[in-house]
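Just the heavy atoms: all of them, side chains too, but no hydrogens, waters or symmetry mates, feed the values below. Note that the structure is predicted; figures quoted are calculated from it, not measured.
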Amino acid sequence: MEANGFVPRRTPLETPGVDSRVTSAAAGAEFRWLGDRAMEAMGEFSRSVPPRIAGAQDVGPVLHRASPDNSSPVEPEIDYEGLPQGVATSTHMLAGAVAGIMEHCLMYPIDCVKTRMQSLHPQPGAHYRNVTDALMQIIRTEGVWRPIRGVNVLAVGAGPAHALYFTCYEKIKFSLSDAIHPGANSHFANGVAGCMATLLHDAIMNPAEVVKQRLQMFNSPYRGVLHCMGSLFRQEGLAAFYRSYTTQLTMNVPFQALHFMTYEYLQELLNPHRQYNPSSHMLSGALAGAVAAAATTPLDVCKTLLNTQEAQTIHVMQTGVASASAGRHISGLGEAFRAVYRMGGIPAFFKGVQARVIYQMPSTAISWSVYEFFKYILTKRQHDRRLHRDADK
């Protein structure tokens with residue numbers, strides 16, 4: 001997404017590549033099936049590798065790096081943790097785009113529930129006891145397709161946003177880790193890489209988030225994505241699409257830093273040899289995502305308010321204010337904090353925390369497992385090509 005300080009020391013004979021160790025494992029039967037197929041393929045490959053040093057321990061499908069035996073040639077091993085030398089940036093971008101689209105689309109109904117539950121002044125038909133009750137009530141009263149309304153705009157935004165996100169994270173983490181602690185990983189590098197990747201990700205995703213949340217609200221007045229975008233631009237201007245950008249960054253920068261550092265720490269405990277281990281990736285990713293999601297929920301509530309501009313909340317905030325300011329919007333994190341506190345006190349900052357945690361745990365697993373599976377397959381294919389070229393010589 002690596003024992004003792006995370007990464008085994010690199011030897012001069014190792015193929016340099018982009019170091020990627022933060023991963024969450026396959027979520028659900030589909031991803032377990034993909035993981036099993038990948039492990040079977042790796043097992044077949046490992047049986048084709050020439051014998052290693054006499055007495056070396058058989059470590060199974062995912063091989064550890066070992067010092068080469070000078071007395072006999074040994075084929076280089078597949079390094080699952082990093083893409084091989086010469087892999088284009090487009091490889092990272094393709095894997096990241098597919099991972100991001102699957103993450104957001106598969107978890108979209110829960111995201112819709114989260115937006116509804118974070119409403120500071122919900123309408124009578126939008127009071128929900130929990131996530132399950134919300135989903136059932138939305139489907140029963142508004143139709144089976146209502147929980148996924150607006151998923152198309154999110155898919156369009158998630159593709160390029162996650163492509164840049166994963167590419168930036170991989171490049172910065174690898175470079176910074178070697179600069180700070182050559183040959184090993186660094187908690188600081190994990191956090192900085194996550195923060196920098198978030199800057200690019202949010203610049204693309206913020207407009208999509210605004211449109212998505214406007215469509216998700218109860219009794220949304222918009223007919224569809226294009227109608228929503230046109231209405232926002234005409235009535236509120238271009239600024240409406242980036243009104244929550246600074247709040248989004250304020251939330252996502254600590255979220256990603258906390259998530260990556262927690263994930264790497266858990267991987268050091270659960271998977272010290274950094275093998276392709278779906279169960280440890282899934283557990284580490286889920287726990288890291290849950291911790292980061294719960295800790296940043298107050299900022300997420302403020303972001304939802306800035307994106308949706310709830311009319312009733314604006315009306316309450318305007319009470320006692322001069323009429324010249326009528327029709328204004330809630331702008332900025334400070335004003336959003338004051339509005340949330342005025343509407344519900346401290347508990348209001350944790351509205352929808354259950355839905356947010358439930359959304360984040362599997363979405364993190366989906367995103368990273370798809371990305372790492374793509375990377376694993378591409379790495380193995382290039383390694384097989386190299387073996388065939390060597391055999392033809």
Side-chain angles (χ1 to χ4, degrees), residues 96-97 100-101 103-104 108 111-112 114-116 118-120 149-169 194-217 220-257 292-293 296-311 313-314 317-318 325 327-340 349 352 356 359-360:
I101 291 173
E103 167 196 353
H104 286 287
Y108 192 84
D111 186 57
C112 178
K114 176 186 74 71
T115 299
R116 295 279 188 99
Q118 287 181 338
S119 174
L120 297 177
R149 189 181 184 214
V151 68
N152 50 344
V153 69
L154 197 65
V156 171
H162 278 71
L164 288 176
Y165 177 85
F166 279 99
T167 304
C168 180
Y169 177 77
C195 293
M196 295 303 296
T198 300
L199 293 175
L200 293 176
H201 173 275
D202 288 355
I204 297 176
M205 280 296 292
N206 208 82
E209 285 280 340
V210 173
V211 175
K212 175 206 73 173
Q213 291 196 304
R214 293 289 181 108
L215 291 170
Q216 288 175 335
M217 293 298 289
S220 173
Y222 307 107
R223 295 190 300 271
V225 172
L226 295 180
H227 180 232
C228 180
M229 293 175 64
S231 299
L232 282 175
F233 184 75
R234 288 192 301 270
Q235 297 171 10
E236 304 178 36
L238 185 62
F241 296 98
Y242 283 95
R243 189 173 286 124
S244 64
Y245 181 60
T246 54
T247 302
Q248 182 96 344
L249 289 177
T250 304
M251 174 184 71
N252 280 347
V253 168
F255 174 91
Q256 298 296 354
T296 57
T297 295
L299 291 168
D300 192 54
V301 173
C302 293
K303 184 207 75 173
T304 298
L305 175 60
L306 290 170
N307 282 344
T308 59
Q309 297 290 314
E310 288 186 75
T313 301
I314 294 177
M317 292 298 292
Q318 289 177 346
S325 63
R328 69 186 180 90
H329 304 291
I330 297 177
S331 301
L333 181 58
E335 189 173 356
F337 257 99
R338 290 192 294 272
V340 173
F349 287 102
R356 179 164 163 77
Y359 167 83
Q360 196 61 50

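Put simply, the residue from M251, Q309, K303 that forms a side chain to side chain contact (heavy atoms under 4.5 Å, CB included) with S244 is K303. Residue L299 is tested with N252, L249, T250 for a side chain to side chain contact (heavy atoms under 4.5 Å, CB included); the sole match is T250.
Around atom CE of M217, more than 12 heavy atoms belonging to other residues, nucleotides or ligands sit under 6.0 Å away. Summarising the local packing, CG of L199 is surrounded by more than 12 heavy atoms from other residues, nucleotides or ligands at distances under 6.0 Å.
Taking the side-chain hydrogen bond (donor to acceptor under 3.5 Å, both in side chains) definition, one finds that D111 meets it with K212, Q216, sequence neighbours left out. Partners of F241 according to the ring-ring contact (aromatic ring centres under 6.0 Å, His included) rule, which considers only residues two or more places apart in sequence or in another chain, do not exist here. Every residue meeting the side-chain hydrogen bond (donor to acceptor under 3.5 Å, both in side chains) condition with T296, not counting sequence neighbours, appears here in chain and number order: R356. By the side-chain contact (heavy atoms from CB on, under 4.5 Å) test, P254 pairs with no residue at all, sequence neighbours left out. Every side-chain hydrogen bond (donor to acceptor under 3.5 Å, both in side chains) that R214 has, sequence neighbours left out, goes to Y222, E236.
Remark: side-chain polar atoms of Y165 are not paired, donor with acceptor, to backbone N or O of D202 under 3.5 angstrom.
For the residue pair N307 / E209, no side-chain donor-acceptor distance below 3.5 Å is found, with atom types taken as modelled.
Remark: K114 NZ to Q360 CD distance equals 9.5 Å, nearest 0.5 Å. In this structure, I330 CD1 and L120 CG are separated by 8.0 Å, a value rounded to the nearest 0.5 Å. The distance from atom CZ of F337 to atom CG of L305, rounded to the nearest 0.5 Å, is 11.5 Å.
Contact detail for Y245 and A203: the closest heavy-atom pair is CE1-N, 3.5 Å. Between L333 and C302, the shortest heavy-atom contact is CD1-CB, 4.0 Å. Scanning all heavy atoms of the two residues, the minimum distance from A339 to T313 falls at CB-CG2, 4.3 Å. Minimum interatomic distance between L215 and C228 (heavy atoms only, all atoms of both residues): CD2-CB, 4.2 Å. Taking both residues in full, the closest heavy atoms of E310 and S119 are given as OE1-OG, 2.6 Å, listed atom of the first, atom of the second, then distance.
Side-chain atoms of V225 and V211, non-hydrogen and from C-beta on, do get closer than 4.5 Å to each other.
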Tabulate below the donor-acceptor pairs under 3.5 Å that side-chain atoms of residues 152-164 make, not counting sequence neighbours, or state none.
{"from": "H162", "atom 1": "ND1", "to": "A158", "atom 2": "O", "distance (Å)": "3.2"}
{"from": "H162", "atom 1": "NE2", "to": "E103", "atom 2": "OE1", "distance (Å)": "3.2"}

Practice prompt. Before giving the answer on side-chain contact (heavy atoms from CB on, under 4.5 Å), spell out for T304 and Q213 the whole-Å C-alpha distance, their side-chain angles and the decisive distance to 0.1 Å.
Written response: CA-CA 7 Å; T304 298; Q213 291 196 304; 3.3 Å; yes
